[in-house]
Protein chains: 2
Amino acid sequence: MKALKDKILAEGTIIGSKILKVDSFLNHQIDINLFNEIGKEFKKRYANQEITKILTVEASGIGIACIAAQYFDNVPVVFAKKHEAANLDTDTYEVDVFSFTKNKTYKVRTSKKYINSNDKILIIDDFLANGNAALGLIEIVRQAKAEVVGVGIVIEKAFQSGRNVIEKEGVKVESLAIIESIKDNEVTFQMSR
Amino acid sequence: MKALKDKILAEGTIIGSKILKVDSFLNHQIDINLFNEIGKEFKKRYANQEITKILTVEASGIGIACIAAQYFDNVPVVFAKKHEAANLDTDTYEVDVFSFTKNKTYKVRTSKKYINSNDKILIIDDFLANGNAALGLIEIVRQAKAEVVGVGIVIEKAFQSGRNVIEKEGVKVESLAIIESIKDNEVTFQMSR
């Protein structure tokens, strides 16, 4: 997706050889025009697929999922909780997710009320790196005996193992920008995407 | 806002005499059609006001702010962080916020890059109870020497002190549903709103 790649090149900041900071438009400040383009592009990638719900995880996925849902006939969005929430139901689907960034395991939870066995779910998230967060969401959908239609990612780091991890589960990944490498303070995208 | 009040009456769950659970449409599962109505209503309440940015706090405020921004000429949304974020700038505006629900103090942070002294900011959040979260966001805007145009709230609990706290700061509060009381398992709204 050209507009997204241009934005990454214009505003992304590189830290070391692995971290791309995009908090000017994606996960701290949010560019609503770009999010609409992202939503349209997800719809293009999953055109003609029946999708009844979008599942994401707090916090950065929520804005992307909400704007994108408008291009999928306003299907409901469910965001899984990573943090203790006083009001969360006790009857939840839950998985342990290991975060390499934070070097710790956290629980991801979704109330059983909001995913059911008839649901056809599109999972959306901001980044795909090692794939643990997306894998956790797939596991939650499967606990609910619902169907995972696909995983839609804004920025994929192809030099980490996330895509393999997800595809091994038989799930299709669509990433709007795929980063081949981060080297010498420069981002290189995969040619074909 | 009638559609919102109807939804609260139809789907809200009461716990004790203070807690209203609305996670079927507001803060776990998200009703995108309703969020668009909410966005339109915020625009009505702040019509003819110059707004350059919407500020909210993770996590439940993000979806509301993103959808609402579409009715304010797609102004950028900034969401303040409540949780440690590996990639957050170290140069931040920050405040301590005491949460009565969790009985602890947490830090709310925003990178200095995304609020500046020319900004005219609409603060949006899902609930107004004791007002501490909104007050923290007002304080962040003032640290940046920007202007708070107003505070837009989806559900206000009028039996807690939030509105007084915010109005004492000279800031206008617009709440789309104002709950007078939660008694005998029944929600009563303020007549005039």
Side-chain angles (χ1 to χ4, degrees), chain A residues 13 15 19-25 27-36 53-89 92 99-103 106 109-111 113-115 127, chain B residues 13 15 19-25 27-36 53-89 92 99-103 106 109-111 113-115 127:
Chain A
T13 315
I15 302 174
I19 294 177
L20 171 69
K21 264 186 68 165
V22 286
D23 60 3
S24 70
F25 60 93
N27 45 27
H28 187 18
Q29 181 170 249
I30 291 173
D31 182 330
I32 300 293
N33 290 308
L34 182 68
F35 272 33
N36 271 282
K53 224 163 252 176
I54 293 175
L55 176 66
T56 188
V57 61
E58 62 181 359
S60 305
I62 299 173
I64 304 160
C66 284
I67 300 285
Q70 298 177 322
Y71 297 93
F72 290 87
D73 298 322
N74 287 354
V75 292
V77 168
V78 175
F79 64 94
K81 311 253 178 174
K82 286 201 288 204
H83 302 285
E84 291 303 324
N87 301 353
L88 185 57
D89 290 326
T92 58
S99 163
F100 283 95
T101 327
K102 299 185 182 174
N103 192 33
Y106 58 97
R109 293 188 188 83
T110 305
S111 165
K113 285 185 194 151
Y114 308 123
I115 307 181
F127 270 95
Chain B
T13 315
I15 302 174
I19 296 179
L20 170 69
K21 263 186 69 165
V22 287
D23 60 3
S24 71
F25 60 93
N27 45 26
H28 186 19
Q29 181 170 251
I30 291 172
D31 181 330
I32 300 294
N33 291 308
L34 182 67
F35 273 33
N36 271 282
K53 224 162 252 178
I54 292 175
L55 176 67
T56 188
V57 60
E58 60 182 0
S60 305
I62 300 173
I64 303 160
C66 284
I67 299 284
Q70 298 177 324
Y71 298 92
F72 291 86
D73 298 322
N74 287 354
V75 293
V77 168
V78 175
F79 64 93
K81 310 253 178 175
K82 285 201 289 203
H83 302 284
E84 290 301 325
N87 301 353
L88 185 58
D89 290 326
T92 59
S99 163
F100 284 95
T101 328
K102 299 185 181 175
N103 192 33
Y106 57 97
R109 293 188 187 82
T110 306
S111 165
K113 284 184 194 151
Y114 308 123
I115 307 181
F127 271 95

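Remember, it's a predicted structure, so these values are computed and weren't measured experimentally. In what follows, chains carry the letters A, B, and so on, assigned in the order in which the sequence lines appear, proteins first and then strands, with residues in each chain numbered from 1.
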- For the student: nearest non-hydrogen atoms of B/Ile62 and A/Ala59, plus distance: CD1-O, 3.6 Å
- Heavy-atom contact with chain A under 4.5 Å, split by part of B/Asn33: both
- Item | Straight-line distance of B/Asn74 CG to A/Ile30 CD1, nearest 0.5 Å | 12.0 Å
- Query: Would you say B/Asp89 and A/Asp23 make side-chain contact, with heavy atoms under 4.5 Å?
  - Reply: yes
- Query: Quick one: what part of B/Lys82 sits under 4.5 Å from any heavy atom of chain A, side chain, backbone, both or neither?
  - Reply: neither
- Could you check if a side-chain atom of A/Gln70 sits within less than 4.5 angstrom of a side-chain atom of B/Gln70, using non-hydrogen atoms only? yes
- Task: Heavy atoms only, distances under 4.5 angstrom: which of A/Val75, A/Thr110, A/Ile54 has the most pairs with chain B? Name it, please.
- Result: A/Thr110
- Query: So, do B/Gln29 and A/Lys113 sit near enough that their side-chain heavy atoms are less than 4.5 Å apart?
  - Reply: no
- Please, which pairs that meet side-chain hydrogen bond (donor to acceptor under 3.5 Å, both in side chains) have at least one residue in residues 54-68 of chain A, sequence neighbours excluded? none
- Please state whether the side chain, the backbone, both or neither of B/Thr13 comes within less than 4.5 Å of a heavy atom of chain A. neither
- Can you sort out the partners of A/Asp73 under side chain to side chain donor-acceptor pair (under 3.5 Å), two or more places apart, ordered by chain and number? none
- For the residue pair A/Cys66 and B/Gly63, what are the closest heavy atoms and their distance? SG-CA, 3.7 Å
- Note on the structure: In terms of heavy-atom contacts, B/Lys81 and A/His28 come closest through CE-ND1, 3.6 Å
